[in-house]
Q: 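Mind looking over this structure? Questions follow.
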Amino acid sequence: MGKVPPGSAPGGRAGGEGKVLNVFSHGMLVIWALLVTLPLLWAVMSSLKTDKEIFTSPWGLPSTLHFDNWARAWNKSNIGDFFLNTVLVVGCSLIGTMLLGSMAAYILARFEFPGKRFIYYLFVGGMSFPVILALVPLFFVMRNMSLLNTFHGLILVYIAYSLPFTVFFLTSFFKTLPTSVAEAALIDGASQTRTFFQVMLPMAKPGLISVGIFNFLGQWNQYMLPTVLNTEEDKRVLTQGLVQLAASQQYKGDWSALFAGLVLAMLPVLGVYIVFQRQVQAGLTAGALK
């Protein structure tokens with residue numbers, strides 16, 4: 001029998017299609033990376049320019065690095081105060097969200113009790129409920145409880161806002177963890193509480209970091225809830241501060257300070273993702289690898 005030419009073999013056609021698909025997918029990823037990174041780089045360059053350079057040479061590099069724009073945004077525009085308020089609110093709400101969400105998810109994933117499915121689907125339904133529909137009743141509830149314009153009131157709202165996704169994500173993750181380790185700990189005399197905090201939580205570290213990053217991004221960039229529930233200037237968060245900076249300029253046009261404030265708001269988000277990017281990828285793929 002004669003040899004089949006490589007190009008006419010089914011495997012050759014499949015290999016050619018795979019190469020074309022690989023080139024296409026890599027090309028789309030490159031385009032997506034450019035769409036994401038170029039605006040960030042442009043904002044950083046603009047934050048180091050003068051107002052004149054921003055309009056006369058918007059795409060060019062700054063002639064001199066004006067780091068005083070960052071200092072002016074931090075001090076004179078009160079971005080520093082808004083930044084610290086955001087760190088306080090997001091830090092406390094993130095801890096509360098991860099603690100309550102992980103405990104609820106562990107119970108839903110590991111124990112059988114009446115109404116379990118109803119509670120689980122209640123959390124799932126919470127993800128599809130638009131927050132904007134709850135703003136008016138939430139405002140009156142917060143006012144009646146004297147929680148308006150308070151940090152602890154905003155923290156509680158952030159926790160309630162983030163719990164549905166946290167419980168949904170971690171419930172699926174806890175189901176992928178082996179039950180033999182928890183059973184061994186219970187046989188050795190550990191209580192359910194000790195088993196959860198000392199055995200199961202460390203095993204769920206990739207999932208906790210992944211959902212923690214998503215919650216951090218959502219709470220850090222939240223604007224609608226603090227705008228409605230937090231109107232006092234000394235208690236405003238960073239997103240409100242940036243809008244206030246843009247609105248207060250009017251005809252003065254301190255655009256360099258505005259870009260500097262945007263960069264200061266982006267840096268924590270980028271830093272957190274760069275530090276924990278491997279843990280995020282591990283948490284997202286853990287369920288598929290089981």
Side-chain angles (χ1 to χ4, degrees), residues 84 86-127 147 150-222 225 268-269 271-290:
L84 295 178
T86 306
V87 170
L88 174 63
V89 172
V90 174
C92 295
S93 62
L94 191 61
I95 293 174
T97 301
M98 298 307 299
L99 179 62
L100 297 176
S102 60
M103 290 192 294
Y106 180 73
I107 295 297
L108 292 173
R110 296 289 175 156
F111 295 91
E112 294 293 336
F113 54 90
K116 169 185 171 180
R117 295 179 64 86
F118 173 77
I119 296 175
Y120 175 74
Y121 287 119
L122 198 63
F123 280 110
V124 173
M127 294 192 300
L147 293 176
T150 60
F151 287 137
H152 56 278
L154 195 59
I155 290 170
L156 292 176
V157 172
Y158 276 18
I159 292 175
Y161 167 77
S162 304
L163 269 181
F165 174 74
T166 304
V167 173
F168 170 76
F169 186 96
L170 290 180
T171 299
S172 301
F173 192 86
F174 275 121
K175 289 181 179 179
T176 64
L177 300 180
T179 59
S180 57
V181 180
E183 292 172 353
L186 294 173
I187 293 175
D188 290 340
S191 61
Q192 292 285 0
T193 303
R194 185 176 180 182
T195 300
F196 171 71
F197 283 104
Q198 296 187 0
V199 178
M200 302 307 295
L201 273 188
M203 294 175 61
K205 182 180 177 181
L208 293 173
I209 293 178
S210 298
V211 73
I213 295 295
F214 286 117
N215 285 331
F216 173 78
L217 296 177
Q219 295 175 6
W220 185 269
N221 296 322
Q222 181 60 239
L225 290 175
V269 176
V272 168
Y273 181 76
I274 290 173
V275 172
F276 295 104
Q277 59 178 331
R278 291 188 178 181
Q279 288 84 347
V280 173
Q281 295 171 1
L284 292 176
T285 57
L289 296 176
K290 292 294 179 181

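When reading the values below, keep in mind they use all heavy atoms of this one structure, side chains included, and skip hydrogens, waters and symmetry mates. This structure is a prediction, so every number in the text was calculated from the model and none was measured.
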Q: State, with a plain yes or no, whether a side-chain heavy atom of Leu88 is found less than 4.5 Å away from one of Leu84.
A: no
Q: Considering only heavy atoms from C-beta outward, does the side chain of Trp220 approach that of Val87 to under 4.5 Å?
A: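 Yes, close enough: below the 4.5 Å cut-off.
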Q: From Arg110 CZ over to Ile107 CD1, what is the distance, rounded to the nearest 0.5 angstrom?
A: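 Going from the CZ atom of Arg110 to the CD1 atom of Ile107 covers 11.0 Å.
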Q: To the nearest 0.5 Å, how far apart are CZ in Phe151 and CG in Leu154?
A: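 Nearest 0.5 Å value for the CZ-CG distance: 8.5 Å.
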Q: On a heavy-atom basis, which atom in Gly207 and which in Phe173 lie closest, and how many Å separate them?
A: N-CZ, 3.5 Å
Q: Can you check side-chain contact (heavy atoms from CB on, under 4.5 Å) on Phe123 and Thr171, steps first, answer last?
A: CA-CA 11 Å; Phe123 280 110; Thr171 299; over 6 Å; no
Q: Report the distance from atom CG of Asn215 to atom CE of Met98, rounding to the nearest 0.5 Å.
A: 6.0 Å
Q: Pro164 and Gly126: which non-hydrogen atoms are nearest, and at how many Å?
A: CB-C, 4.0 Å
Q: How about Phe197 and Met103: do any of their side-chain heavy atoms sit closer than 4.5 Å?
A: yes
Q: Measure the spacing between OG1 of Thr166 and CG of Leu94 and express it to the nearest 0.5 Å.
A: 8.5 Å
Q: Can you name the closest pair of heavy atoms from Thr97 and Tyr158 and give their distance?
A: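 Distance-wise, the nearest heavy atoms are OG1-O, 4.3 Å.
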Q: Looking at CG of Leu163 and CD1 of Ile159, how far apart are the two atoms once the value is rounded to the nearest 0.5 Å?
A: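 Going from CG on Leu163 over to CD1 on Ile159, the span is 7.0 Å.
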Q: Return the minimal non-hydrogen interatomic distance between Leu108 and Lys116, and the atom names on each side.
A: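 Minimum heavy-atom separation between Leu108 and Lys116: O-CE, 2.7 Å.
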Q: When you look at OH of Tyr161, are more than 12 heavy atoms from neighbouring residues, nucleotides or ligands closer to it than 6.0 Å?
A: no
Q: Do Gln192 and Leu186 have side chains that approach each other closer than 4.5 Å (heavy atoms only, starting at C-beta)?
A: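 The answer is yes, as the side chains (C-beta and beyond) meet within the 4.5 Å cut-off.
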Q: Which pair of heavy atoms, one from Val89 and one from Ile155, lies closest together, and at what distance?
A: O-CG1, 3.8 Å
Q: Just how far is it from atom OG1 of Thr176 to atom CE of Met203, taken to the nearest 0.5 Å?
A: 8.5 Å
Q: Atom CZ of residue position Phe113 - does it have more than 12 heavy atoms of other residues, nucleotides or ligands inside 6.0 Å?
A: yes
Q: Aromatic contact between Phe174 and Tyr106, with the criterion being ring centroids under 6.0 Å apart: yes or no?
A: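 Judged by ring-centre distance (under 6.0 Å), Phe174 and Tyr106 do meet the cut-off.
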Q: Considering all heavy atoms of both residues, which atom of Leu170 and which atom of Ser102 are nearest to each other, and what is their separation?
A: CD1-CA, 3.7 Å
Q: Do the side chain of Ser93 and the main chain of Val90 share a donor and acceptor less than 3.5 angstrom apart?
A: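 Answer holds: yes.
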Q: Going by the salt bridge (Lys or Arg N to Asp or Glu O under 4.0 Å) test, which pairs reach into residues 171-195, not counting sequence neighbours?
A: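 Residue pairs with at least one partner in residues 171-195: there are none.
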